[in-house]
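As the structure is a computational prediction, the values presented were derived from the model and not from experiment. Below, chain A is the first sequence line, B the second, and so on; all start at residue 1.
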Number of protein chains: 2
Amino acid sequence: MKSTIKDVARLANVSITTVSRVLNTPELVARDTLNEVLKVIEELQYHPNALARGLINKRTQTVAVLIPDLSNLFFTELVRGIEDKANESGYNVIICNTHNSKDRMIAYLRVLNEKQVDGIIFTSEPIYPDYYDIFRALPMPVVLAATHSLEYDLPSVKVNDEKAGFDAAEYLIRLGHRNIGMLGGSVVDQVTALPRLQGFMRALRTHGVDFDLERCVVHGGYRFEHGYSGMKSLVNKFPTLTAVFASSDERAMGAITYLHEQSVRIPEEISVIGFDNTRLAEMCYPKLTTVAQPLHSIGYEAATKLEQLLNNGSVEEMRTYVPHQIIERESTARVT
Amino acid sequence: MKSTIKDVARLANVSITTVSRVLNTPELVARDTLNEVLKVIEELQYHPNALARGLINKRTQTVAVLIPDLSNLFFTELVRGIEDKANESGYNVIICNTHNSKDRMIAYLRVLNEKQVDGIIFTSEPIYPDYYDIFRALPMPVVLAATHSLEYDLPSVKVNDEKAGFDAAEYLIRLGHRNIGMLGGSVVDQVTALPRLQGFMRALRTHGVDFDLERCVVHGGYRFEHGYSGMKSLVNKFPTLTAVFASSDERAMGAITYLHEQSVRIPEEISVIGFDNTRLAEMCYPKLTTVAQPLHSIGYEAATKLEQLLNNGSVEEMRTYVPHQIIERESTARVT
DNA sequence: AATATAAATGAAAAGCTTTTCATAAAAATA
DNA sequence: TATTTTTATGAAAAGCTTTTCATTTATATT
């Protein structure tokens, strides 16, 4: 039978108040009493009921992370940063996998609300107006990780995607490439996909490189399959290309696989640069040059912000931008 | 301000009992009252407090999954099966990432206990005696997914690893291979790694294939890096090998990458068969032939078992074995 | 019309904790 | 020694729900 604070109190011949104090403010209880109570707690294997605790404290010491796709290493590494910070500060984290489904996400938000989690970290995905309405209605703070919102005042931490897109393209240009394609996301995603494309285009423009949006860019999902099929249609439209910027590592991997199948040598014939620097980048052949997002930091910082919000009610910096960095590996080379 | 059942009761001019009934047994309340109360609930955006509910119902409608490594696609797909079943039956699932750390896992078990989750699904990893002691002390049921325990009576669902190892080896033998290596896990893992190795050896023996444990097998972690370095040492020890059984897809991918770097053609010179059939198997070049575990079913079945335990206190079948299957792709070929 | 039955509602207890306020005992101060 | 302060403890309330039991009202039965 599960034991309660009452059982401990009875066996230790003290009131439940004292037992509670042993757990929460041991400095207020006499040495002997303390030891006796601790002994009984141990003996009874007593664990305080977090439901009752939460009910009265109005704090559950729990934060939730909403992620759209658990099988994306991107989120995996982000979550790690969140967990690390949360655990340091005594919070538990609940991971909620929304499977890219709005319904699931709304359902999750409801139960998280009912379960009285202290705060929520929302990852990736742009914030649509109806999401914001839901967030507003929530009694707990929300922080965005690897996404942000320009219209709404939600704290966020992410990289500067426009600049990252620019740097990726410039990197290829510096290697002498002039026929550069891009495998990007859907431009309805104005927070990630669009800025990367814009940065990419700005770099080409800046360096006077010819560019035709129709011919040079393929839009699609971030997944391997999309990279594969995207690369296929890209080489068809743009057979002279010598380099491609795939704006996720998974897409890059799909692209590489397609090129392998076509016996195109990488990087000798076509250079490929990815985005994210997930574990996948090292699992490629050749190893993937990529724009690294500091995924762990993004998670860690987001959790930090959430904690600030929880403790102070406000956040030092509303929108934090963390630096990206190009990691040079073996999938890119100087044009010959 | 968050509203409670009292607020609803006051505004609707009914007792809290009636409000509670509207939520739980609406058939017991008069039409007009029902509508009025529902209206107020909507108006006030009232959501019942799950803590209070759990406290009185002694059920939180929550199950937890303990996984050792979130960045392993294996678990990702397993979790999906669990989520699907759990959601169907009205349970929420909490994903707990133990990072392969025993301390973290024990810490998680403590908080899950305190948080009064209804049940726990423990994935992979063998069950060590001290784990079992902890499980026993837990007031909620535990089910094992993709692992099992022969000593302890914990319900489990997994594939038959010995048979799977046998089939993998036999598949290679049928393709004419006689110089077959294996990239396996540590044999201290008696629940997964050892049986696969045993099955592998049994197949060689059965078919009269020469075999030297020292020379033909490399043990190591399941990760890409381990596959990479494992393959390296394997070809050094065993230069005549024409096929390798890597007992995880990630390991297989590491092996393939190493072979690529050495300009060894796959499958022409060396055939590679993996294990798990995670998404990674399709992200390889060449696409990976592998022993598929029905990851989704394993998760789904494990959740089903947990639910049986929760509802009936017992389980139909203690240890369920689900079928594996060899998925033939492009990384294996008949020996020439 | 009188009685029995069914339907609708509410008051209060229970679930497990923390916290406030009060009290008793011990220690410090005058 | 008498008084104040400090230390240690407990009783009871509060947090939000569900459930039991009782009561009132409406409906069905004779």
Side-chain angles (χ1 to χ4, degrees), chain A residues 1-38 40-41 44-62 90 110-111 113-118 139-140, chain B residues 1-38 40-41 44-62 90 110-111 113-118 139-140:
Chain A
M1 201 43 228
K2 227 186 310 192
S3 47
T4 73
I5 199 171
K6 273 189 200 168
D7 303 323
V8 177
R10 192 172 330 113
L11 241 85
N13 274 314
V14 295
S15 71
I16 59 171
T17 313
T18 299
V19 179
S20 176
R21 270 194 277 257
V22 167
L23 264 47
N24 300 293
T25 48
E27 65 279 12
L28 293 186
V29 7
R31 272 269 228 141
D32 292 355
T33 322
L34 186 77
N35 289 330
E36 174 61 16
V37 172
L38 285 174
V40 175
I41 286 177
L44 251 43
Q45 289 261 52
Y46 166 70
H47 293 278
N49 184 323
L51 300 179
R53 273 191 153 170
L55 192 55
I56 194 159
N57 290 336
K58 293 165 169 311
R59 276 290 185 96
T60 53
Q61 299 296 93
T62 306
R110 214 204 55 238
V111 327
N113 187 358
E114 294 184 357
K115 280 197 198 301
Q116 319 290 123
V117 303
D118 295 336
M140 66 278 282
Chain B
M1 203 40 229
K2 229 188 307 194
S3 46
T4 74
I5 200 171
K6 273 191 198 165
D7 302 322
V8 176
R10 194 173 327 116
L11 240 84
N13 273 313
V14 294
S15 72
I16 59 170
T17 314
T18 301
V19 180
S20 176
R21 270 194 277 258
V22 168
L23 263 48
N24 299 294
T25 49
E27 65 279 10
L28 292 186
V29 9
R31 272 268 229 138
D32 293 354
T33 322
L34 186 76
N35 289 331
E36 174 62 15
V37 172
L38 285 174
V40 175
I41 284 176
L44 251 45
Q45 290 259 54
Y46 167 68
H47 294 278
N49 184 323
L51 300 180
R53 275 191 149 169
L55 192 54
I56 195 159
N57 290 336
K58 292 165 171 311
R59 275 291 184 96
T60 52
Q61 299 296 91
T62 306
R110 213 203 56 234
V111 327
N113 185 0
E114 294 184 356
K115 280 196 198 303
Q116 320 289 124
V117 303
D118 296 336
M140 67 279 281

- Close side-chain approach of B:R21 to B:V14, heavy-atom, < 4.5 Å: no
- Item | Closest non-hydrogen atom pair, A:T60 against A:Q116 | OG1-O, 2.8 Å
- Task: Specify the separation, in whole Å, of atom CD of A:E36 and atom P of D:dT9.
- Result: 12 Å
- Atom CG of A:L28 to atom P of C:dA26: distance rounded to whole Å? 19 Å
- Task: Summarise protein proximity over nucleotides 11-19 of chain D in one line of letters, 5' to 3': B for base, S for sugar-phosphate only, - for none, counting protein heavy atoms closer than 4.0 Å.
- Result: BB-BBBBBB
- Kindly say whether A:D32 contributes a backbone atom to a donor-acceptor pair with the side chain of A:N35 at under 3.5 angstrom? no
- Query: Which pair of heavy atoms, one from B:D7 and one from B:K2, lies closest together, and at what distance?
  - Reply: OD2-O, 4.1 Å
- Query: Which heavy atom of A:L55 sits nearest a heavy atom of B:L51, and at what distance?
  - Reply: N-CD1, 3.6 Å
- What is the distance, rounded to the nearest whole Å, between atom CG of A:D32 and atom C1' of D:dT7? 14 Å
